[in-house]
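All values below come from the heavy atoms of this structure, side chains included, with hydrogens, waters and symmetry mates left out. When a residue number appears, it is its place in the shown sequence, counting from 1.
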Amino acid sequence: MDEFISKANDKLISSKILFDNHQYATSVSASYYCMFLTAKALLVKKGYFTKSHEGLISTFGQVYVNQGDFNRKIAKYLARAQSLREDADYDAVDGITESIAKLWINNAEEFMKEAEKFL
């Protein structure tokens, strides 16, 4: 579990470095992976293992939002970021601006802060 949190922190640092270097789409992707790895750590802590991004997002919602008290608004960042990450990684034109990338860095930080309550 700790290794996932360590990787999540690395992704957040990478996201900020990418942002500072005007690599906004890749910054958003790193912000998503920060949240993904954080959610994965929380699920592993409770003995849940998933095989896909969608499976992780769904299981996280069931275990930590529906059955727990992870902030629902913050939890939604994970699914939204996954969709945006797909655009950033796979679309030729992604439309990710500086302000969008900054928002997702902030969202990733907020997600990690909320997750700390459960670690």
Side-chain angles (χ1 to χ4, degrees):
M1 179 185 71
D2 291 340
E3 62 274 4
F4 293 122
I5 294 299
S6 178
K7 281 182 155 185
N9 281 317
D10 289 349
K11 291 295 182 183
L12 184 58
I13 291 166
S14 295
S15 181
K16 292 175 181 181
I17 291 168
L18 289 160
F19 178 86
D20 289 342
N21 286 283
H22 310 285
Q23 300 296 314
Y24 303 126
T26 312
S27 172
V28 166
S29 183
S31 292
Y32 164 71
Y33 278 106
C34 167
M35 291 183 276
F36 174 85
L37 291 163
T38 300
K40 188 169 190 164
L42 292 177
L43 288 172
V44 166
K45 180 179 179 186
K46 289 196 172 194
Y48 291 90
F49 300 90
T50 59
K51 294 184 179 186
S52 69
H53 289 255
E54 292 82 8
L56 179 134
I57 292 167
S58 175
T59 303
F60 181 78
Q62 292 169 8
V63 173
Y64 279 93
V65 179
N66 296 342
Q67 299 172 9
D69 44 344
F70 197 98
N71 182 296
R72 186 172 299 274
K73 175 186 167 243
I74 295 170
K76 287 181 180 181
Y77 295 164
L78 182 60
R80 290 185 192 140
Q82 197 246 356
S83 176
L84 194 59
R85 187 233 9 132
E86 287 178 353
D87 291 345
D89 288 352
Y90 302 119
D91 288 354
V93 178
D94 54 48
I96 296 175
T97 63
E98 179 180 3
S99 61
I100 291 169
K102 183 63 176 166
L103 172 67
W104 285 100
I105 289 170
N106 292 339
N107 289 349
E109 290 174 330
E110 194 175 353
F111 192 93
M112 288 191 77
K113 185 174 181 177
E114 178 70 11
E116 287 174 3
K117 299 175 186 176
F118 302 89
L119 293 173

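With S58 contributing its side chain and E54 its backbone, the two residues share no donor-acceptor pair below 3.5 Å.
The line from NZ of K113 to OG1 of T38 is 14.5 Å long, rounded to the nearest 0.5 Å. Separation of atoms NZ (K51) and OG1 (T59) is listed at 12.5 Å; rounding is to 0.5 Å. Note that the CZ atom of F118 and the NZ atom of K46 stand 8.0 Å from one another [nearest 0.5 Å]. Note: N71 CG to K76 NZ = 10.0 Å, rounded to the nearest 0.5 Å. Atom-to-atom distance recorded for K102:NZ and S27:OG is 9.0 Å, nearest 0.5 angstrom. Between Y33 atom OH and Q82 atom CD the span is 8.0 Å, to the nearest 0.5 Å.
Applying the salt bridge (charged side-chain N to carboxylate O under 4.0 Å, His left out) rule to E109 yields the partners K16; only residues at least two apart in sequence or on another chain are considered.
L119 and V44 fall within a single hydrophobic cluster, where Ile, Leu, Val, Met, Phe, Trp and Tyr are joined by side-chain heavy atoms under 4.5 Å apart, directly or via other members. At a threshold of 4.5 Å between side-chain heavy atoms, the hydrophobic network of Ile, Leu, Val, Met, Phe, Trp and Tyr places L84 and L56 in one connected group.
No side-chain heavy atom of S15 sits less than 4.5 Å from a side-chain heavy atom of F19. At a threshold of 4.5 Å between non-hydrogen side-chain atoms, the residues T97 and Y24 do not count as touching. Contact of the L42 side chain with the Y48 side chain is not registered, since no non-hydrogen atoms from C-beta on lie closer than 4.5 Å. Using a 4.5 Å heavy-atom threshold, the side chains of K73 and E110 count as touching.
Less than 6.0 angstrom separates the ring centroid of F111 from the ring centroid of F70.
Between Y32 and F36, the ring planes are tilted. Angles from 30° to 60° get that label.
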Show every donor-acceptor pair shorter than 3.5 Å between a side-chain atom in residues 6-14 and any protein atom, with sequence neighbours excluded, or say none if there are none.
from	atom 1	to	atom 2	distance (Å)
N9	ND2	I5	O	3.3
S14	OG	D10	O	3.0

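The cationic group of K45 does not satisfy the cation-pi geometry with F4, failing either the under 6.0 Å distance to the six-membered ring centre or the 45° limit from the ring axis.
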